[in-house]
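Step one of this worksheet: look at the structure below.
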Amino acid sequence: MKTLDKAFDPETYESRIAQLWEQADAFRGDPSRGGERFSMVIPPPNVTGSLHIGHALDYTLQDVIVRRQRMLGKDTVWVPGTDHAGIATQMVVERHLREQGLTRHELGRERFVEEVWKWKETYHARIVETLRRLGCSCDWSRERFTLDPGLSRAVRETFVRLHEEGLIYRGERLINWSVGSQTALSDLEVLRDEPEQGELWSFAYPVEGGGEIVVATTRPETMLGDTAVAVHPDDPRWKDMIGRRVIHPFFPEREIRVIADEILADPETGTGAVKVTPAHDPNDFECGRRHGLPMINILNPDGTLNENAGPFAGLDRFEARERVKQALTERGLFRGSRPHMYAPGRCQRTHTIVEPMLSTQWFVRMKPLAEPAIEAVRSGAIRFVPSSWEKTYFHWLENIEDWCISRQLWWGHRIPAWHCADCGEITVAREDPSACGSCGSPRIEQDPDVLDTWFSSQLWPFSVFGWPERTPDLERYHPTDVLVTGFDIIFFWVARMIMSSLHLTGKIPFRTVLFHGLVRDAQGRKMSKSTGNAIDPGETMDRHGVDALRFTLAAMTSPGSDIALSESRLEGYRAFLNKLWNATRFLLMRLPAELERERPDYDEADLDDLDRYLVASFLDTVDAVDRAMDAFRFDQAVEAIYHFLWHTFCDWSIELSKPDLASGDGGERGRIRGAVMLDVLDGALRLLHPFAPFITEELWQHLPRRHGESPLLATARIPTPDDPAVPVPRALDRPAARALVEHWLIEPVGAVRGLRSGAGIAPSRPIRVLLRPRDESGREALARFADRIGVLARAERVEVLDGAPPDEPALRHVGEHVEVTVPLEGAVDIEQERARLSRERDKLARERDGLRRKLSNPAFVEKAPAEVVDKDRGRLASVEARLAEVERLLGQLS
RNA sequence: AGGCGCGUAGCUCAGUGGGAGAGCGCCACCUUGACACGGUGGAGGUCGGCGGUUCAAUCCCGCCCGCGCCUACCA
């Protein structure tokens with residue numbers, strides 16, 4: 001039999017195992033296969049960056065899910081891919097160019113885009129490598145990229161169709177302008193950080209015919225675009241000002257009136273009068289529309305002021321702010337300033353302050369799309385896990401605004417709209433047109449803008465399968481089963497996928513959305529490069545192995561909460577894998593030789609108490625894992641396997657089996673024991689495989705194989721409550737099998753060890769152990785286990801007593817089921833022993849008093865369920881008996 | 001401002017209307033032929049605070065304190 005190295009070293013097998021899977025083409029979906037299917041699409045990582053630990057979590061959970069489904073025998077597809085990430089990628093490449101002293105404009109659109117493609121190839125390769133290293137069982141034959149021809153076709157089809165339906169329109173609206181990346185942004189791409197210290201600056205507008213109106217602003221430069229001053233119609237202070245003209249200090253000819261607007265002007269705030277800049281403030285924009293005000297845009301795309309700013313034209317917006325303040329002060333119009341906390345919107349990518357600005361852009365009308373999406377979740381067609389995210393989802397969709405989808409970038413899907421130089425009409429088409437659809441003129445030019453990246457990402461769950469074609473893949477794998485993602489992109493992505501899938505395909509995109517938390521550091525802080533607390537998945541895998549990382553991430557995931565990842569946790573689970581390695585190593589070394597060739601069949605009648613204990617525990621673990629996985633409780637699944645393998649399999653089963661397996665050739669008992677342990681280990685490796693695929697595959701490959709089994713663990717059956725996947729007897733009485741060993745073997749061994757340790761008896765010192773069952777039903781089992789108890793408790797002799805233990809110097813313990821006596825001639829510290837037993841007596845007495853109090857309460861006995869009352873009565877009887885025995889022993893000591 | 005969530009052992013976190021748990025850490029002992037990435041034993045908690053419901057509350061309800069996140073607003 002192949003032997004295993006003493007300590008496990010993941011590096012020695014990880015790549016070899018990955019090759020094994022790849023050569024077998026084990027992860028490819030086959031729509032022609034029939035039977036049950038399971039499909040999932042990866043949330044495509046941005047092709048710009050490398051993968052961080054958050055990706056590792058997301059992909060680990062997905063791989064755990066998909067590997068389990070595959071091992072359940074389904075035709076599984078997990079589609080991998082990457083996202084072109086418009087702004088992010090374009091910016092990275094521009095930065096790269098700048099380092100060489102180049103700008104994208106110098107390069108020109110075509111050559112710039114070529115540069116980005118090169119960049120994409122490099123990072124794409126890196127991402128794929130990391131995914132493979134993580135063990136992700138993706139179907140690489142179906143890999144996609146959002147700019148692939150097929151997916152681009154889906155984007156164009158979507159745009160044209162929505163345009164035809166009137167759901168996409170072009171219009172002049174107030175949008176968020178990112179000065180940093182010089183493009184429009186959607187509302188979601190604008191971040192609001194912690195409020196910072198700002199200034200609320202007041203100045204006066206002189207009113208024609210006398211008087212003045214004082215207004216305040218955090219952005220004084222916007223007064224250059226003011227076209228009105230609003231007051232509340234009922235505000236007595238301003239009532240007679242309404243309709244009068246105010247004089248703009250820099251544009252005296254501009255028509256600026258005092259208007260009454262009860263929505264914009266709040267009498268409670270400030271002076272009750274507010275300046276109106278319709279082209280640069282969302283609320284003012286709405287006010288401007290209500291009153292038909294002129295809208296004056298004062299900004300250039302780069303954040304400097306344009307010609308509308310008159311004497312301030314050409315200045316940067318922040319420079320202009322100071323100059324405007326200065327000029328107003330010089331004119332005697334300054335009316336004070338006070339500190340003010342404010343949180344300006346910032347660009348998600350460049351972190352520069354976003355300017356609200358009037359601009360002509362493309363928009364999607366969202367309300368009609370949102371309604372079915374709300375219904376899909378409300379009706380339960382799509383399930384959120386945890387369901388608490390539903391509220392957030394509903395709230396956003398119920399208050400949804402139109403989506404600005406055009407971006408002034410070069411990297412992305414170009415908008416399929418052509419502007420006619422002659423008639424000015426716009427032609428939107430599936431195929432590139434050669435003439436204006438309206439006047440037939442050939443002088444048309446494609447819209448220079450590209451689409452928001454999320455416009456293509458929203459199609460991902462069906463575009464990857466070939467939509468708008470009705471491909472066999474689309475028929476079979478859409479809708480997908482589970483989407484696993486972070487809650488931070490619930491609006492960006494999840495909601496939009498639901499809306500677009502329902503609208504375009506008539507189907508939901510996925511049945512279940514599993515939201516996980518963020519990965520944080522050991523102190524619960526957000527990981528970031530600047531804090532220096534970011535954990536690099538590659539480095540972690542180098543140090544601890546892929547499986548330890550995966551296992552740790554899965555073990556620490558709990559629905560709805562973030563993960564505090566710590567080095568010590570990783571070390572702990574790595575130690576667990578080492579333990580598993582060595583347990584397998586032990587079995588392989590000690591197995592009776594003939595098991596290498598053939599595992600004997602056995603049935604329940606062939607099993608002894610220890611076999612039954614092991615099988616029962618294993619089957620219980622299978623049930624626990626199954627339940628946990630159904631509920632996406634990876635932490636609980638992992639905990640069940642961990643506990644079973646380490647504490648049941650290693651600590652008890654292996655230790656107890658050493659005598660049976662010691663002789664090598666074994667005999668009948670050894671052969672059965674060996675076969676049972678092998679089968680149970682086999683089953684446990686299967687259960688564990690989705691979490692730790694590499695080590696389990698490696699170990700499994702070393703196990704003697706039964707006939708007709710899959711050559712790979714990755715495609716072998718996983719144990720379920722209906723089918724344990726290994727030939728262990730399933731009908732046995734599990735609670736009885738476990739109780740027998742726990743009561744009559746594990747308990748007395750623990751008691752002796754405790755006595756030894758408590759009294760400071762060296763492990764090497766031989767002792768004699770006397771056992772007395774506190775219930776006669778255990779006598780036979782106790783006698784049967786006596787020898788094994790002796791081995792594990794390191795006792796020379798173990799006797800089962802008929803009557804009371806002899807009254808001689810001894811360490812004594814009165815357990816729940818067994819009373820243990822360790823006679824120690826001349827070595828017992830009477831005082832110490834008395835103190836220990838007294839503590840025990842006090843504890844039992846407290847418990848007895850509590851139970852008596854409870855049981856003497858008539859309300860409890862009447863109202864509590866009978867089984868609860870019976871249980872407590874039983875406990876009381878047991879506690880009283882133990883207490884009596886402890887008191888008797890104490891009496892002997894005095 | 002509104003919404004959501006959290007507060008349980010030194011740390012990070014599970015958990016349940018009926019005898020407080022895990023991992024790591026800590027203490028003591030042990031080179032036992034799978035494993036020192038190990039073994040054995042042990043210490044450690046008013047389950048954030050105050051009320052309420054209940055025969056019974058760490059769990060359900062209300063209020064308070066502390067922390068986090070999301071959405072909105074911010075002349």
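Chain letters run A, B, ... following the sequence lines, proteins first, then strands; residues in each count from 1.
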- Task: Please check the phosphate of B:U12 (OP1 and OP2 only) for any side-chain N or O of A:S566 closer than 4.0 Å.
- Result: no
- Query: Across all strands, who's sitting opposite B:G62 as a Watson-Crick or G-U wobble pair, both distances under 3.5 Å?
  - Reply: B:C50
- Query: Partner of B:C67 by Watson-Crick or G-U wobble geometry, both contacts under 3.5 Å, or none?
  - Reply: B:G5
- Message: Would you say that more than 12 heavy atoms from the other residues, nucleotides or ligands in this model lie under 6.0 Å from the NE2 of A:H647, or not?
- Response: yes
- Query: If we take the P atom in both B:C24 and B:U40, what is their distance in whole Å?
  - Reply: 12 Å
- Item | Counterpart base for B:A72, defined by Watson-Crick or G-U wobble contacts under 3.5 Å | none
- Query: For A:E655, which contact category applies under a 4.0 Å heavy-atom criterion: base, sugar-phosphate, or nothing?
  - Reply: base
- Message: By nearest atom, which of the nucleotides B:G41, B:U32, B:G15 is closest to the A:R794 side chain?
- Response: B:U32
- Query: Does any non-hydrogen side-chain atom of A:L57 lie less than 4.5 Å from one of A:L518?
  - Reply: no
- Looking across every strand, which nucleic acid part, if any, lies under 4.0 Å from A:R338 by heavy atom: base, sugar-phosphate, or nothing? nothing
- Task: Report which part of the nucleic acid A:R574 touches: base, sugar-phosphate, or nothing (heavy-atom distance under 4.0 Å, all strands).
- Result: base
- Item | Span that lies between the C1' atom of B:C65 and that of B:C29, in whole angstrom | 45 Å
- Task: Determine which nucleotide pairs with B:G38, using a 3.5 Å limit on both distances of a Watson-Crick or G-U wobble pair.
- Result: B:C30
- Any salt bridge between A:R574 and A:E571, counting N to O under 4.0 Å? no
- For atom C1', what is the distance between B:G49 and B:C6, given to the nearest Å? 16 Å
- Query: Which residues within residues 848-860 of chain A lie with some heavy atom under 4.0 Å of an atom in RNA chain B?
  - Reply: A:N857, A:A859, A:F860
- Message: Which residue is it: A:D284, A:D281, A:D226, A:T227? I am looking for the one with a side chain to side chain donor-acceptor pair (under 3.5 Å) to A:K275.
- Response: A:D226
- Message: Mind checking if A:S202 touches a base, just sugar-phosphate, or nothing, with heavy atoms under 4.0 Å?
- Response: nothing
- Task: Rounded to whole angstrom, note down the P distance from B:G5 over to B:G62.
- Result: 12 Å
- Message: It should be established whether A:R633 places a side-chain nitrogen or oxygen under 4.0 Å from OP1 or OP2 of nucleotide B:A14.
- Response: no
- Task: Could you check whether the rings of A:Y205 and A:F203 sit parallel, tilted or perpendicular, using 30° and 60° as the cut-offs?
- Result: perpendicular
- Message: If the threshold is 4.0 Å, N to carboxylate O, is there a salt bridge linking A:E221 and A:K325?
- Response: no
- Item | Per-nucleotide protein contact string for nucleotides 20-31 of chain B, where B marks a base within reach and S marks sugar-phosphate only (heavy atoms under 4.0 Å, - for neither) | --SSS-------
- Are the side chains of A:I535 and A:V519 in touch, meaning some heavy atoms are under 4.5 Å apart? no
- Query: How far does the P atom of B:G15 sit from the matching atom of B:U8, given to the nearest Å?
  - Reply: 14 Å
- Task: Would you give a per-nucleotide map of nucleotides 69-75 of chain B, 5' to 3', where B means the base has a protein non-hydrogen atom under 4.0 Å away, S means only the sugar-phosphate does, and - means neither?
- Result: --S-SBB
- Item | Touch class at under 4.0 angstrom, heavy-atom based, for A:R875 against every strand present | base
- If you look at every strand shown and take non-hydrogen atoms under 4.0 Å, does A:I654 touch a base, only sugar-phosphate, or nothing? base
- Say whether A:E567 and A:H544, considering side chains only, have a donor N or O and an acceptor N or O under 3.5 Å apart. yes
- If pairing requires Watson-Crick or G-U wobble contacts with both distances under 3.5 Å, which nucleotide is the partner of B:C24? B:G10
- Message: Taking A:A692's backbone N and O only, do any of them form a donor-acceptor pair with A:T696's side chain (distance below 3.5 Å, no angle check)?
- Response: yes
- Item | Side-chain N,O (A:K658) to OP1/OP2 (B:G33) below 4.0 Å | no
